Each structure stands twice: as structure tokens, then as C-alpha cells.
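Since the structure comes first, as C-alpha cells, the remarks are kept for the end.
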Amino acid sequence: MTAETTGEALTATGYIKHHLTNWTYGQFPDGRLGFAHSAAEAKSMGFMAIHVDTMLWSITLGIIFLGLFRMAARKATVDTPGALQNFVEWIVEFIDSSVRGTFTSKNNLVAPLALTIFIWVFLMNFMDLIPVDWLPSLAGWVGSTVFGVDASHVYFKVVPSTDPNATFGMAIAVFFLVLYYSVKNKGVGGFVGELTLQPFSSENKMLQGVFIPINFILEFVSLIAKPISLALRLFGNMYAGEMIFILIAIMYSTGWVFGIFGGFLQLGWAIFHILIITLQAFIFMTLTIVYLEMAHQEH
Amino acid sequence: MNINLTLIGQSITFFFFVWFCLKFVWPPIMGALVDRKKLIADGLAAGEKGKHDLDLAEKRVVTKLKEAKGKAAEIINHAEKRAGEIVDEAKDHAKVEAERIVAGAQSDIEQEVNRAREELRKSVADLAIVGASKILEKEVDAKAHAKMVDNLVAQL
């Protein structure tokens, strides 16, 4: 645990809170623009704020991913591939076979979409494996020495997927694609019909009229549940994992016996977490493919 | 944990990344993969074809070899027959030639004999006249006795 000197950082609760607050830039209630100096300030900004750390890391990781893959793609040869091309082709083939296994319609967007989701989410989750204090401490040091800000006011949350904005952002984007392809493939009528004419239907017109609202409530809930479950699953897993890392990190400040114990715990949890981050990235990708497949299927 | 503009920012970022991946990453890699697959398939097919061709060629070689052997045997047979014929022909020819030579020699001999006889006749006539003149101790008139001598010579 870093030697943070002031305010909330002194207590365990403060330490946890500090770790769970985003570096926020936005509009204060009085209309002024600036960085939030505390969690309360960040909250007071409401919707007109942006999490600089989430954006910074997600974009950085996206650029790393796309840069690496673009480099391999530009030099892609039919002859004997190099190490990078081999690696990239391995992933691409894996994604391609996953998509082919689930998605039966013809849509050139789905496979690149799946690839982007899988690698990007994986990289964002991967930030969780970096010891929880390294990057925030670095940011605090840079903030206090370069910009002259109190280090305890520098918030730096490095795992974008523990920010619900990131997971919901992606899930909503996927949801829009689902809506777009549903309407495109089934027509507005077909899509509305799918929402209202099942699971209950009747030959009797009266009965059918009664069924329509019931069907709509059921189907609408299941439709809305898709992006919400998609986003919350990833967010929940990553947030919980991050929280456990933070709790383990607290042990380092409680004496060397607990410190060593905590070290082993952190190692074990990190190893287990490798599985979780990969699995969550894969689940996000697979469910996206499944939802898009459903959007392409006629009932 | 606040929901704010980051949500929209993340959605835009996500769409941009997906677009970039769709445009610049996926097609070249997939293209290389598909092309390589085709290349390998073609190579394998070519190998298979080569093997098949080899099999065919081997079969053809065997038949050709058999044919060649048959032909060679035939040629040898023919040659042998022809050789026999040539020998026979040569024999016949030689026989004829020998006969011709023998006949020529015989006629030569006959001619020689005739000539010798002619000479002998002449010599005998002269000898007879010489002998007779010796006997008669007197010159015999050759002209006077020519008729007698000619008769004598004709008798030889």
C-alpha cells in the first residue's frame, strides 16, 4: 500500500474508496469545467462528466490491439508467416471458427466485431492483473510532482471494464446493432410481431388482443435484459475481482506476516483471475454473436 | 460508479474500433488465410496428381517395356530368319558361281587342249617331213607331198 498521506487514504475504507473513484473531468454544478477532487465532487457533476482514466486506458488498449493486428495485417503473406502473423492468425482463426459455429447468416460485420470485443475486453480485463497500486501511485506521483496536485486527489482507475460506463457503452452499442439488424432482416412489422405475437398466440381475435400486451411485456423485458446482462456480467466480475485485489492489498499495510500471506493470496487470485478475464471476454463475444444471430433469424 | 458521458464516449470508441477492424484488420488477415488454404489445397492436389501421373507413367513403362520386348523378340526372329535366308541365298549363289567357275575352267582347259593339239599337229607335220627327208636322204619336195602330209596331219 502506498504511503498516502492525507484524507481518506489513511483508513482502509478511504483506501478502497480512493481506488474505486474515477479520474473525472466535467462540469461542476456551478457551471465551471474541471477535474473532480473527490468522489463527492465527481458525483455532483452528474451526466456531464467523463472518466478520463477509463477513456485513456480503453483507447490506449484499443490502439495497442489494433496497431498490433494492423501491423500483422499489412505484412500478411500467403507464404510462411512470421511470429506475429502466426499469433494473429491463431486468434483470427479461433474467432472465425467461433463465429461460424454460432452465426449462420451472412454478415461480414460479425466476425470483426467479435474479434474487437474479444481482444479489447480481454486487454481491458488484463489491466486487473497489474498490481492495484502501481499505476495509481505512478499517477499520484506524476500528479503531485508535475502538476502540483495533492496526490490523494489524483484518482486513477486503470481497469476500464470495472467502470460500468465502459461495459454498458459496449453493451448498448451491441444492442443498437441487434435492433438495427432485427429491423433490417425482419422489417419493422416482423420485429414488432416478434415482440407482441409470441409466446402466446390465439386464433381468437379477442384473446389475441389480450395476449398482445402480455407478450410485449415478456418480450420487451427479455430484449432489454440482453444488453443489461451483457454489461452487468462483465462489470460485476471485473469489479468483484478488482475489489478482492484491493482487499488483498490492504493486508500489506497490516504487518509483514499478513503481508506475506497477502502476497500468496494475490498470486493465487491473479492466477485464477487469468481464467476469469479470458472467460469474461469470451462470454461477452459469444453472447454478442448469439444476440446478432437471433436478430438474423426469422421465427 | 457514476453513469455519465463516458458511456457515450465508450460506445463511439467501440464503434470506431469495430469499423477499423472491419476495414483494415480482418480482410487482409482472412485473405491471407484463405489464400494460403487454397495454396496448400492446390499443392496437395498437385502432389496427388503427380503421384497419379507417376503411377500411370509406371504402368505405361511396363506396357511399353513388354511391347519393346515383344518387338525385340520379333526383330530377332525376323533377323534370324533373314540370316538363314541370306546364308541359303549365299550358298545357292556360291554353288552357281562355283559351277560357273568350273565351267569356265573346263572350257579354258578344252581350249588349251585344242590349241596344244593344233600346235602338236603342226609340229607333227613338220616332224614328219623332217623325218621323211632324213629317211629319204633327199630333199622332199614339200609342195609335192603336201597333200599326203595334210592327210597325215588330219589323221592325228
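Lettering follows sequence order; numbering is per chain, from 1. What you see below is based on every heavy atom in this structure, not just the backbone, and it leaves out hydrogens, waters and symmetry mates. Small disclaimer: the values here were computed from a predicted structure and weren't measured.
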So for B/Leu39, is it side chain, backbone, both, or neither that comes closer than 4.5 Å to the heavy atoms of chain A? side chain
Taking 4.0 angstrom as the limit, do B/Glu119 and B/Lys122 come out as a salt bridge? no
Looking at B/Asp53 and B/Lys49, does any basic side-chain N land under 4.0 Å from a carboxylate oxygen? yes
Ion pair B/Arg115/B/Glu118, N-O distance below 4.0 Å: no
Measuring heavy-atom distances to chain A, does B/Phe24 have an atom under 4.5 Å in its side chain, in its backbone, in both, or in neither? both
Give, as side chain, backbone, both or neither, the part of B/Ile12 having an atom under 4.5 angstrom from any heavy atom of chain A. neither
Pick from A/Met48, A/Met170, A/Lys43, A/Glu89 with the largest number of heavy-atom pairs that fall under 4.5 Å of chain B: A/Glu89
Contact between A/Tyr155 and A/His18 at the side-chain level, heavy atoms closer than 4.5 Å - yes or no? yes
Go through the atoms of A/Leu113 and report whether side chain, backbone, both or neither lie under 4.5 Å from a heavy atom of chain B. both
Cut-off 4.5 Å, heavy atoms of chain A, and the answer for B/Lys38 is neither
Among B/Val34, B/Val25, B/Asp35, which has the most heavy-atom pairs under 4.5 Å with chain A? B/Val25
For residues A/Lys157 and A/His51, determine if any side-chain heavy atom of one lies less than 4.5 Å from a side-chain heavy atom of the other. no
Which atoms of A/Leu109 approach chain B - backbone, side chain, both or neither, heavy atom under 4.5 Å: both
Under 4.5 Å to a heavy atom of chain B? For A/Thr77 that would be backbone
With rounding to the nearest 0.5 angstrom, report the CD1 to CD1 distance, A/Ile283 to A/Ile117. 13.0 Å
Roughly how far apart are A/Phe168 CZ and A/Leu232 CG, rounded to 0.5 Å? 4.0 Å
